[in-house]
Protein chains: 2
Amino acid sequence: MNEKEILRLLELIKPFPRVFSKTIRKGDVVADYLEKRDRIFILEEGEADLIKFDTKGAKYIQEHYTDHDLFGEIFHAISVSGEYSVIADTRCTVTYFSLSDLSDETASHTNYPEIVGLLLSIFSSKFEQLNFHIAMLSKRTIRDRLLTYFNDLARRNYQRVFYVPMSYTQLADYLSVDRSAMMREIKNLEDEGFIDRNKYRIRLLTNI
Amino acid sequence: MNEKEILRLLELIKPFPRVFSKTIRKGDVVADYLEKRDRIFILEEGEADLIKFDTKGAKYIQEHYTDHDLFGEIFHAISVSGEYSVIADTRCTVTYFSLSDLSDETASHTNYPEIVGLLLSIFSSKFEQLNFHIAMLSKRTIRDRLLTYFNDLARRNYQRVFYVPMSYTQLADYLSVDRSAMMREIKNLEDEGFIDRNKYRIRLLTNI
DNA sequence: TTTCATTTGTTGCGATTGCAACACTTGAAA
DNA sequence: TTTCAAGTGTTGCAATCGCAACAAATGAAA
């Protein structure tokens, strides 16, 4: 996501009364995903996790957010079963607003077109992310999912060497495969000479 | 997607010079998905298919569009390999525009807030669709994918009886599973008393 | 009405995957 | 520094899936 755009958006919208900011202490709930609404949250400072509680009460970290990350109900695949919360990992400052409220409130303002432009740009990035996720999940083998994901990382890094930006447990969740099966397949890719790996540092050795 | 909103949007934006309309003859190309741009297409009349050509040249129908459907590069998971085109199935009338051009052009107009509101609403629906697709693809068995999909159809139909709105070949593609394996699993669901089926008419018999 | 391409329906088989189980490593809090 | 929860790495095994192959049904065009 473009950090400059997020900062500019914050600058433009903060003066409006229905754009809220608050500070959350470590461990506290940033946002509940109980009801599907059109709220958008911007994490200004700190770190937070999107946590899923499944039907058995077990909890999983679904996503991790840092400075200037953006989240909200409409950007997420909230599965049918289970509840979601965003929990502060450290002390957090978050700014949030309802999309429709913001639109109403800023409509007559001089900066409205710029605000809209920024929102549309942010939405485009989110569409891109979701579309990539779908394209990746449409691959039918763990190997293809890994290679699709790795190639994307390399492409966005302009290099064949990159660091996996999350834990392997989280990666397995993102790829929606069993973690142990994924580790086995990573090992296979190493053994067969497709990748070179050192913990989270990976180098692609082929042109697939 | 809300048809009323699409119609209202068309009404509002058609007068602008950089909103284009054209008629396409059956079999002709409505839009090429070669370059990723921010164009949005609204099919006003007729039917069209999103076709994928894979690396071997084989073609697949990826999606089917009818009156007042909406498509465009940003809404799609364009996989790495292969090319896409939208081909007219019958004579079509299509209206299209570049999102940024439209925003620029209408920014100073009285109807700008309403146009923006409609666009945001349309985007929200698309996010919902993509998020559902991801939630469904995150299921690891064909059975779970089918039940997730069927339950959604039933929910949106307010009934446990519904019609699968596409061919089983297309459904297998949407669920991203092998067609024969999917047919086998549908048969299993019938045999085990989870569903009742007559061609495309399905009745859910359980409360999962 | 006939033709023919497309879709549906079915099965066997081998490959891949999820699951369970366990040891080892890591890193943050006490 | 110690403790302990969380993540990593590995393996056997059974379940599921994709693939290939083919027959039957369907439906649109000639």
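Residue numbering restarts at 1 for every chain, and letters A, B, ... go by the order of the sequence lines. These numbers were taken from a predicted model, which means no experiment stands behind them.
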request  = For Ser167(B) and for Thr141(A), find the nucleotide of DNA chain C with the closest heavy atom, then tell me which residue's nucleotide is more 5'.
outcome  = Ser167(B)
query = Given atom CG of Leu147(B) and atom P of dT16(D), what is their separation to the nearest angstrom?
reply = 13 Å
Any donor-acceptor N or O pair under 3.5 Å, side chains Glu5(A), Ser121(A) = yes
note = Ranking Lys26(B) and Arg143(B) by the position along DNA chain D of their nearest nucleotide, the one closer to 5' is Arg143(B)
ask   = To the nearest Å, how far apart are Lys139(B) NZ and dA15(D) C1'?
value = 19 Å
note = When rounded to whole Å, the CD1 to P distance for the pair Ile142(B) and dT16(D) reads 11 Å
ask   = In whole angstroms, how far is the C1' atom of dT7(C) from the CE atom of Met166(B)?
value = 15 Å
request  = Classify the side chain of Arg179(A) versus the base of dG9(D) as yes if they form a donor-acceptor pair under 3.5 Å and no if they do not.
outcome  = yes
ask   = Where is the tightest heavy-atom contact between Leu137(B) and Arg145(B), given as atom of each residue plus distance?
value = O-NH2, 3.2 Å
ask   = Phosphate oxygens OP1/OP2 of dT8(D): is one of them under 4.0 Å from a side-chain N or O of Arg184(A)?
value = no
request  = Report yes if at least one side-chain N or O of Thr169(A) is closer than 4.0 Å to OP1 or OP2 of dT8(D); otherwise report no.
outcome  = yes
request  = Give the rounded distance in Å between these two atoms: CZ of Arg140(A) and P of dG18(C).
outcome  = 15 Å
message = Quick one about Glu47(B) and His64(B) (side-chain donor to acceptor, distance below 3.5 Å, no hydrogens or angles considered), yes or no?
response = yes
Five-pair end axes of the helix from dT1(C)-dA30(D) to dA30(C)-dT1(D) and the angle they enclose, rounded to 10° = 50°
query = Between Ile74(B) and Asn131(A), which heavy-atom pair has the shortest distance, and what is it?
reply = O-ND2, 2.9 Å
task = Round to a whole Å and report the spacing from CG of Asp89(A) to P of dA6(D).
result = 13 Å
request  = Assess whether atom CD of Glu45(A) is packed by more than 12 heavy atoms of other residues, nucleotides or ligands within 6.0 Å.
outcome  = no
key: Rounded interatomic separation in angstrom, taking CG from Asp173(A) and P from dT8(D)   = 12 Å
query = If we ignore angles and hydrogens, is there a donor and acceptor under 3.5 Å between the side chains of Gln170(A) and Tyr168(A)?
reply = no
query = When the nearest nucleotide of DNA chain D is assigned to Ala181(A) and to Ser180(B) on a heavy-atom basis, which residue is associated with the more 5' position?
reply = Ala181(A)
note = Separation of dT11(C) atom P from Met183(B) atom CE, nearest Å, is 12 Å
key: Residues Glu63(B) and His76(B): side-chain donor-acceptor under 3.5 angstrom   = yes
